[in-house]
Amino acid sequence: MGTGGRTDAEGPGRTRAHPGARVALRAEGAGDLLHLVRSGRATTRGALQQVTGLSRATVGQRLDRLFRAGWLREGAGGPAGSPLGGRPALRLEFDDAHAVVLAAALETRHARVALLTLGGTVLAEHTGPLAVEEGPDAVLGELGARFAELLRGTGHPAASVCGIGLAVPGPVDTASGRVVQPPIMPGWDGYDIRGRLRRAFTGRTGAPADLPVLVDNDANLMAYGEQRSHYPHCPSFALVKVSTGIGSGVVVGGEVYRGVDGGAGDIGHIRVPGGADALCRCGSYGCLAAVASGGAVARRLTGAGVPAASGSDVRELLEAGHPAAVGFAREAGRQVGEVLATVVTLLNPGVLMIAGDLAGTPFLTGVRELLYQRALPRSTAHLDVVTSRLGEHAALVGAGTLVVEHLYAPERVEERLLALGV
């Protein structure tokens, strides 16, 4: 899942194929066959022959390598037979139980870690306090310890972990895996996150020293997880996360759009007319996050005599139906909705998802009021404005999916098979 055609040894890869086109296969094309099976484009031996133009023997040889690696399995076929005719064929399936993925979602004041199957099912998780302002060395060391504890608690050996995904609340250059000038992550700018997290985990578990670690912005991974899990056929998907800060993730054509260097979607730092005197954590005045984020609503509540320190405190007040919190959240939604009118006009998404601490009825009502008032009817005619389906698991599922798509991309499968000796 790279951008700009850029891929490195640990950065997410990318593959594209027109739905009706034959696949351009390499000399060793097991990865292409696996991709066809995983995507659902061809799930029988006969369908693979038809799509690729390869002979039955060649398809069989390449599939045999995937079976020996434990990556494919055969299940009972459906009522329809092979496209080449004959009796119903056995269905080829990606075996998502042959390995597991570790994922973490880092927030400003706490972190959630999880163990997932390759299909995105959460097997075990833990959430606890962890302040991002403690700095990368301490925070990543603690994440490594929590990962190790998850494995001990579930009985999974370290050797079963194929990779680690991490969601962070800041812009990420995915080529290097480092955050770039993050407003709410002091001390993290340019830090080697991948190396430190890998050492923190492998040093406690004996996992391979070259274990892949992928890092991306939390809103990007939330969008990726939600789109892949519940809106796979939506060609333009946008998610806005409103918690302590405000960020957004965009998935276009099944891929996260990150911009030139990972800065796409940072709508929390768009200047808004009503915030001229509001100082943002980035150091500027008038940012959307300074007037409409969970942190901003918390400050307004505190000023009105209702103690609140963060977006999570606001969420608790909203869940309790506190009238001041409801009013401030609706107004914040209106301010965000005004910015989203431009976003929707630019991207023309099919789904606009609101997520995070403020993603409830009051905030959503405010968003809809201004969005439909300011955006052109043409831009909203086929738009669904919804709230999160995965909830607190969204970033974890997105991080796990990012790792899986990286490891099982066609161009990477061959080198992994050779390493396994198959």
Side-chain angles (χ1 to χ4, degrees), residues 1 3 171 216-243 245-260 262-275 280 286-294 296-297 311 329-391 394-395 398:
M1 291 292 304
T3 57
D216 205 345
N217 170 261
D218 54 358
N220 282 348
L221 291 179
M222 290 172 71
Y224 194 41
E226 296 276 10
Q227 191 270 340
R228 292 297 297 268
S229 298
H230 294 292
Y231 302 92
H233 303 298
C234 180
S236 180
F237 177 97
L239 177 144
V240 178
K241 178 190 178 187
V242 187
S243 291
I246 299 177
S248 68
V250 177
V251 181
V252 177
E255 297 188 11
V256 176
Y257 178 73
R258 299 183 177 89
V260 174
D266 206 359
I267 66 169
H269 301 287
I270 292 175
R271 304 288 180 87
V272 293
C280 182
C287 294
L288 180 64
V291 299
S293 65
V297 173
R330 182 166 179 170
E331 176 57 28
R334 288 171 58 86
Q335 292 168 312
V336 173
E338 188 162 9
V339 171
L340 290 180
T342 300
V343 172
V344 165
T345 301
L346 177 66
L347 296 177
N348 189 210
V351 175
L352 172 62
M353 178 174 284
I354 308 298
D357 292 327
L358 267 60
T361 300
F363 186 86
L364 191 64
T365 299
V367 167
R368 283 175 168 155
E369 284 179 12
L370 262 290
L371 175 61
Y372 288 106
Q373 177 184 330
R374 300 295 172 84
L376 291 172
R378 174 68 182 82
S379 300
T380 58
H382 303 287
L383 174 68
D384 289 329
V385 182
V386 301
T387 54
S388 173
R389 298 278 296 273
L390 293 174

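This is a predicted model, so every value here is computed, not measured. The figures that follow rest on heavy atoms only: side chains count, while hydrogens, waters and symmetry mates do not.
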Legend entry - Short side-chain to backbone donor-acceptor contact, Arg389 and His230, under 3.5 Å: no

Legend entry - Check: Ser248 side chain, Val240 main-chain N or O, donor-acceptor pair, under 3.5 Å: no

Inset, instruction - Any chance you could lay out the side chain to side chain contact (heavy atoms under 4.5 Å, CB included) test for Tyr372 and Val385, step after step, and finish with the verdict? - result: CA-CA 10 Å; Tyr372 288 106; Val385 182; 3.4 Å; yes

To the nearest 0.5 Å, tell me how far [X] [atom1] sits from [Y] [atom2].
{"X": "Asn217", "Y": "Asp266", "atom1": "CG", "atom2": "CG", "value": "7.5 Å"}
{"X": "Arg374", "Y": "Thr380", "atom1": "CZ", "atom2": "OG1", "value": "14.0 Å"}
{"X": "Leu371", "Y": "Ile354", "atom1": "CG", "atom2": "CD1", "value": "8.5 Å"}
{"X": "Tyr257", "Y": "Leu347", "atom1": "OH", "atom2": "CG", "value": "9.5 Å"}
{"X": "Leu364", "Y": "Leu358", "atom1": "CG", "atom2": "CG", "value": "11.0 Å"}
{"X": "Thr345", "Y": "Arg378", "atom1": "OG1", "atom2": "CZ", "value": "11.0 Å"}

Please find the pair of heavy atoms, one from [X] and one from [Y], that lie closest to each other, and give the distance.
{"X": "Val344", "Y": "Ser379", "answer": "CG1-O, 3.5 Å"}
{"X": "Gly391", "Y": "Glu226", "answer": "N-OE2, 3.9 Å"}
{"X": "Arg334", "Y": "Glu369", "answer": "NH1-OE1, 2.5 Å"}
{"X": "Ser229", "Y": "Leu390", "answer": "OG-CD1, 3.9 Å"}
{"X": "Lys241", "Y": "Gly356", "answer": "CG-CA, 4.3 Å"}
{"X": "Pro171", "Y": "Gly262", "answer": "CB-O, 3.9 Å"}

Inset, instruction - Kindly write out the residues that satisfy side-chain contact (heavy atoms from CB on, under 4.5 Å) with Asp216, not counting sequence neighbours, or none if the list is empty. - result: Val172, Thr174, Asn220, Leu221, Arg258, Leu402

Inset, instruction - Could you check Pro235, Ser236, Cys234 and say which one makes a side-chain contact (heavy atoms from CB on, under 4.5 Å) with Pro349? - result: Ser236

Inset, instruction - Test Leu340 against Ile267 for side chain to side chain contact (heavy atoms under 4.5 Å, CB included), laying out the working first. - result: CA-CA 9 Å; Leu340 290 180; Ile267 66 169; 4.1 Å; yes

